[in-house]
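Reckoned from all heavy atoms, side chains included, excluding hydrogens, waters and symmetry mates. Note on naming: letters A, B, ... go to the chains in the order of the sequence lines (proteins, then strands), and numbering restarts at 1 for each one.
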Amino acid sequence: DAMVIQNPRYQVTQFGKPVTLSCSQTLNHNVMYWYQQKSSQAPKLLFHYYDKDFNNEADTPDNFQSRRPNTSFCFLDIRSPGLGDAAMYLCATSRDNGGREQFFGPGTRLTVL
Amino acid sequence: QKEVEQNSGPLSVPEGAIASLNCTYSDRGSQSFFWYRQYSGKSPELIMSIYSNGDKEDGRFTAQLNKASQYVSLLIRDSQPSDSATYLCAVSTGNQFYFGTGTSLTVIP
């Protein structure tokens, strides 16, 4: 089945220790998104890629970076995680930018100690 | 003003009843509308999309869109305990995609 896969599902890191979250998709979608979601809040868009074209949301902290080495994979790097970065990180894909449905992976729950 | 607004609830309905979830949005140019279901600790799952005024039915779910009044709703017929979740409304305007904060639904057996 075509799907969006995220690894790891749970990540524990120490304050300030870099961490990388990964996302892969077999849907062959052009657009990949990274969201941060905290408890009882809406998903908050951090970045998205349309193919290789990177789009950073204006309020995404510099501490967050992203890479998309090919169509199938996308990575989220958190350079120096703080306690406030503990959240669920969601990867999503859509066929294109024009109002299409987004399909989510299972998410990675990040804990910062 | 938030782009997408939902009543956070919680909304409680008895098993077998109709659950009605509502969402309003601010941008009249919005073109695409979605309902996602999110179980606690899980990721959002797309359950309905609607693009034109009127009703769209899929099994026990009906999405209703009224662009003139800028609202979109989701009806769940014959509610089941397994429908207990948070329902997120999402609205797309051009290349932007906005989520509401969700309405928590509890279906009481």
Bottom line for A/Tyr50: the part with an atom under 4.5 Å from chain B's heavy atoms is neither
A/Ser40 vs B/Thr86 side-chain heavy atoms within contact, under 4.5 Å: no
The interface call for B/Ser49 against chain A, heavy-atom contacts under 4.5 Å, is side chain
When the 4.5 angstrom heavy-atom criterion is applied to B/Tyr51 and chain A, the contacting part is side chain
(Q) Do B/Leu74 and B/Tyr98 land in one hydrophobic cluster if side-chain heavy atoms of ILVMFWY residues count as linked below 4.5 Å? (A) yes
Group every Ile, Leu, Val, Met, Phe, Trp and Tyr by side-chain heavy-atom contacts under 4.5 Å, then state whether A/Leu21 and A/Val112 land in the same group. yes
| said: Is it the case that atom CG in A/Asp59 sees more than 12 heavy atoms from other parts of the structure closer than 6.0 Å? | reply: yes
Does one hydrophobic cluster hold both B/Leu46 and A/Leu45, with members joined at side-chain heavy-atom distances below 4.5 Å? yes
Exercise. Are more than 12 heavy atoms from other residues, nucleotides or ligands located less than 6.0 Å from atom CG of A/Asn70?
Worked result: yes
Taking every heavy atom of B/Phe97 against every heavy atom of A/Arg100, the minimum-distance pair comes out as CE1-O, 3.6 Å
Review point. For atom NZ of B/Lys42, is the number of surrounding heavy atoms from other residues, nucleotides or ligands below 6.0 Å larger than 12?
Key: no
If one checks every heavy atom of B/Ser43 against chain A at 4.5 Å, the contacting part turns out to be both
Do B/Trp35 and B/Leu11 share a hydrophobic cluster, counting only Ile, Leu, Val, Met, Phe, Trp and Tyr and linking them when any side-chain heavy atoms are less than 4.5 Å apart? yes
Closest heavy-atom pair, A/Glu101 versus B/Phe34, reported as atoms and distance to 0.1 Å, is CG-CE2, 3.4 Å
Whatever's closer than 4.5 Å to a heavy atom in chain B on A/Leu90 counts as side chain
query = Are more than 12 heavy atoms from other residues, nucleotides or ligands located less than 6.0 Å from atom CZ of B/Arg60?
reply = yes
Turns out that what part of B/Tyr36 lies under 4.5 Å from chain A's heavy atoms comes down to side chain
Under 4.5 Å to a heavy atom of chain A? For B/Glu45 that would be neither
Q. Are A/Phe64 and A/Phe75 in one and the same hydrophobic cluster, where Ile, Leu, Val, Met, Phe, Trp and Tyr link if side-chain heavy atoms are under 4.5 Å apart?
A. no
Comparing A/Gln41, A/Gln37, A/Gln102 against chain B, the one with the most heavy-atom pairs below 4.5 Å turns out to be A/Gln102
Pair count under 4.5 Å, heavy atoms only, with chain B: among A/Gly107, A/Gly105, A/Ser39, A/Ala42, highest is A/Ala42
In terms of heavy-atom contacts, A/Phe104 and B/Pro44 come closest through CB-O, 3.5 Å
